[in-house]
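Read the structure below first, then the notes.
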Amino acid sequence: MSVERYNARAVEPKWQRIWDERNVFRAEDDPQRPKYYVLEMFPYPSGKIHIGHGRNYVMGDVVARYKRAKGFNVLHPMGWDAFGLPAENAAMERKVHPRAWTYENIDTMRSQLKLLGLSLDWDRELATCHPGYYAHQQQLFVDFFKQGLAYRKESDVNWDPVDQTVLANEQVIDGCGWRSGAPVEKRKLSQWFLKITAFSEELLASLETLERWPDKVRLMQKNWIGRSEGLTFSFDLEDQDGNLIDETLTVYTTRHDTIFGASFCAVSPDHPLAVRHEADVAGLAAFRKDFAALGTSEEAIERTEKRGVPLGLYARHPFIDGLRLPVYAANFVLMGYGEGAIFGCPGHDQRDLDFARKYGLPVIPVVMPAGGDAEAFQIADEAYLQKEADDTVLINSDFLNGMSVAEAKQAIAERFEATDKGKRTVNFRLRDWGVSRQRYWGCPIPMIHCETCGTVPVPADQLPVLLPDDANFDTPGNPLDHHPTWKHVDCPQCGKPALRETDTMDTFVDSSWYFARFCTPRADTPLDAKIANYWLPVDQYIGGIEHAILHLLYARFFTRAMQACGHLDLAEPFDGLFTQGMIVHETYQDDDGNWLFPHEVTRGDDGTVRHAGTGAAVSVGPIEKMSKSKRNVVSPEEIVDTYGVDAARWFMLSDTPPERDSEWTQAGIEGAWRLVQRIWRMVAEVAQTDAGARADAISPQALAVRKAAHKALASVSQDIEHLRFNRAVAHVYELANTITSALQAARGGDAPADLPATLREAVELMVRMSAPMVPHLAEECWQALGHDEMLAASPWPDVDPAMLVEDTIVLPVQVNGKKRDELTVARDAETQEIERAVLALEGVRKALGGAEPRRIIVVPQRIVNVVA
RNA sequence: GCCUCCUUGGCGGAAUUGGUAGACGCACCGGACUUAAAAUCCGGUUCCUUCGGGAGUGCCGGUUCGACUCCGGCAGGAGGCACCA
């Protein structure tokens, strides 16, 4: 029997057209139906996609198609994270307008995505750079401003003195601007902030409720928020001569138990005390200038030696009469955390120890391991950091002596609180979110600065604040600021000439609420609470681990902020989160070091890799994330042309667990293509065979096939529910293998009469359970099997639970933990019966060698272990 | 430096969460079909072995009738955070 090959090139566009025409993937806002919202992190339209970009969309698509079949009203939309710096760079380099560049990319990428056969509701498509989107973002910003969740303050920025622009931390390389190469300066600038810290406690606490998030992501967010419990208290200050002065020094500490080990105090160079005394302390001005030049990059901070300048002030120790602690301005104290001031306890903090050694300050140990000798306990080069209650004891600490660290903290806190000189406080590492960007291609911040009225939001009826088309990208700096007219407006309150805010928003703002906008993408308010409350939260969100902290935290914040403004009633936007791995590929370089595309090389039978055109030797480099720069990319067009998109989808889902990186290989895509052909052949064979009537009295062979089909269906369903696509794929293969063998038997002639009908049933189940993964193939097969309805709009088949249980089972039998035999028994066999039968087994008798068993452990339906 | 995770055949990986280690796929080897090749189908493939067996999930130890799975230590790798007081 010969079967025509499955022709993906013809079949796939056909079904895509049919799905499209019948609007099967359009999501209706129908609060009566149970909903399921599947979302993949929307792409930045950078140009073209490669096949590596497809993985998370395919995963989401499998879930969407499965949930649709399970009867859910599925929302599965797509959009574009379309503002951002690359568009502006393109404008500068190629003289194209950022808008033109962006929309052209969107068009390209949309048609590429459509090749993948995704079950998307394209009617809800949105782009964040479209005024229909960012108008509402501006409205949200104004709402936040009115709620006190958006505010302006001075803050440090990385300033590129050549390009006259603010740089993001990632744009600072070795302390220099990435474009200009000029040393970056730390500068104070008025910037807009969103008050994420208003929700620090909530954002931390409700991480616990996000049970369908990876632990790893929750932990990363927890560390990022960085809650710590400590004590804030004030020192009285005296001058050189011991006179009390009219200033106090407030510090924050988590180690108040070590107060008796304090030997100095330190403030940030930016601390008001240091600023105030800049003029009258020798060397302080120069020290502060050095500090400002340091930049904000991590390496700069890490490499820097701990240094300080004494301010000529002394803090009075709160519990030791007459003890004066010198106060320094020190470069390792951050103004942005706690009070910007600390007391230094060199015995129990490494930075303090380094500092004390450098400046010859006393090092007094006040905590030591429990049971140690207090006299002999010394601190050398390493501070003693242990603070677990059971292992430690306080020494050299007056009324704290003998206490554990926890007890001492308690005692100190109570003393301070009794006299109102200090109180227990909670601090967070999390800072407010600076959203100001001095760029053109972003959402304009809808604010107006008026000399009389101050900062005034743009009234709702004047939104959106549109970007001007005629910006100039040739001069450095912010094009909006340079624009001759754009920023000049009348104050909406007093009508006098005023200035528009020329900052645009961080693009992370755009992506902080798009998932909510998808519920009502054309509404004339940012959200429609009723509909948003129906669709949200997103039931399954899928994206890269690189967004584990910022994007996901900002979106969580935004949802709370939108809730506070009455736009929806929801605190957590993403019920389930999945972080998928990347697609990686070998890299190739020729002798001159030029990167080669995979399609430019061929691999010989001996494994050597050569240039496909010239035959020159090619060196194979490491397997890396697909990227344009290393050219290790495969285009979706070439794969779809050669193998069809179902083969590509199947391959992306096979083998590697979805959260891990997966290597794209020629052999892999060919293997997937073979499976597609194999299913098609099976379907063709079954479709051509007269199945005959379905027999009720089913033969053992047919029963085995039916059981295999239902077991596979049960497994595949569970695997898709849990996003274990690699296992779902394996279970389909397993069933395919069973069917292949049975087909062979059926061809033999002496097969039971009910086998063909059962085989047809099994093949149909196989097709249906594969449909979410290889949807075009499944539709074509389903039609070939004589069905009229579309699988894309058909319910998921039911598992027959009776097919999942076996009447007799095979128990492995161990002797002393080693498998020696097997026992076939009824599923519900009595333990005693099993024990007796086991001892009669030859493998067991041999292994025992005549010895008496001491014990027999029977784990029902699992295993038997005979202990001799 | 701190925190987290990972380590199973030639390769990707599976193992019902303490119960037959290696499902399924790739690659490779053999066979069938073919004049031949491709395609397809069938069989084999953890290692050692004196063919009886023995060893085996990074390494060392522990708990258990039984450990890839739990506990302690070590090694290697990946990721996150990083003067956060």
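Fair warning: this is a prediction, and the values are worked out from it, not measured in the lab.
Taking atom C1' on both B:U57 and B:C6, the two are 14 Å apart, rounded to the nearest angstrom. Nucleotides B:C33 and B:C42 are separated by 11 Å at their C1' atoms, to the nearest Å. Only the P atoms considered, B:C28 is 15 Å distant from B:C11, to the nearest whole Å. B:C5 and B:G10 have their P atoms separated by 29 Å, with the value rounded to a whole Å. Comparing B:A38 with B:G31, their P atoms are spaced 13 Å from each other, to the whole Å. B:A14 and B:C70 are spaced 16 Å apart, taking the P atom of each and rounding to whole Å. Comparing the same atom, C1', in B:C24 and in B:A15 gives a spacing of 12 Å after rounding to whole Å. Taking atom P on both B:U8 and B:U4, the two are 22 Å apart, rounded to the nearest angstrom.
Not a single donor-acceptor pair under 3.5 Å links the side chain of A:His722 to the backbone N or O of A:Arg724. A:Glu659 places no side-chain N or O within donor-acceptor distance of the main-chain N or O of A:Gly581, the cut-off being under 3.5 Å.
Remark: A:Asn737 is not in phosphate contact with B:A23, judged by side-chain N or O atoms under 4.0 Å from OP1 or OP2. Regarding contacts with the backbone of B:G13, a side-chain N or O of A:Arg660 is found under 4.0 angstrom from either OP1 or OP2. Contact between the side-chain N/O atoms of A:Arg862 and the OP1/OP2 oxygens of B:G66 is not found at any separation under 4.0 Å. Taking only side-chain nitrogens and oxygens, A:Lys818 comes nearer than 4.0 Å to OP1 or OP2 of B:A55. Listed pair A:Arg255 / B:A85 fails the phosphate criterion, with no side-chain N or O lying under 4.0 Å from OP1 or OP2. For A:Arg227, no side-chain nitrogen or oxygen approaches OP1 or OP2 of B:C84 to under 4.0 Å.
Looking at heavy-atom distances under 4.0 Å, A:Gln814 makes contact with a base. Looking at heavy-atom distances under 4.0 Å, A:Leu675 makes no contact with the nucleic acid at all. Base contact: A:Tyr252 has a heavy atom under 4.0 Å from a base atom. Within the 4.0 angstrom heavy-atom criterion, only backbone atoms of the sugar-phosphate kind lie near A:Thr740; the bases stay farther away. Within the 4.0 angstrom heavy-atom criterion, no nucleotide atom of any strand lies near A:Ser654. The residue A:Val251 sits apart from the nucleic acid: no heavy atom pair falls under 4.0 Å. Looking at heavy-atom distances under 4.0 Å, A:Asn726 makes contact with sugar-phosphate atoms alone, never a base. Base contact: A:Ile857 has a heavy atom under 4.0 Å from a base atom. Nucleic acid contact class of A:Asp349 (heavy atoms, under 4.0 Å, all strands): none. A:Arg674 comes within 4.0 angstrom of the backbone, heavy atoms only, and of no base.
In this structure, B:U46 forms a base pair with B:A55, meeting either the Watson-Crick or the G-U wobble geometry with both donor-acceptor distances under 3.5 Å. Of the nucleotides present, B:C3 is the one that pairs with B:G79 by Watson-Crick or G-U wobble criteria, both distances under 3.5 Å.
Between A:Tyr252 and A:Ser228, the side chains place a donor N or O and an acceptor N or O closer than 3.5 Å (distance only, hydrogens not considered).
Using a cut-off of 4.0 Å between Lys/Arg side-chain N and Asp/Glu carboxylate O, A:Lys625 and A:Asp661 are scored as not salt-bridged. A:Glu806 and A:Lys711 are joined by a salt bridge, as a carboxylate oxygen and a charged side-chain nitrogen come within less than 4.0 angstrom of each other.
Toward the 5′ end of RNA chain B lies the nearest nucleotide of A:Pro812, the other residue of the pair A:Pro812 and A:Val729 mapping further downstream.
Aromatic ring centres of A:Phe355 and A:Phe264 lie closer together than 6.0 Å.
Following rounding to the nearest Å, A:Lys625 (NZ) and B:G79 (C1') show an atom-to-atom distance of 15 Å. Separating the CD atom of A:Gln350 from the C1' atom of B:A85 is a distance of 14 Å, rounded to the nearest angstrom.
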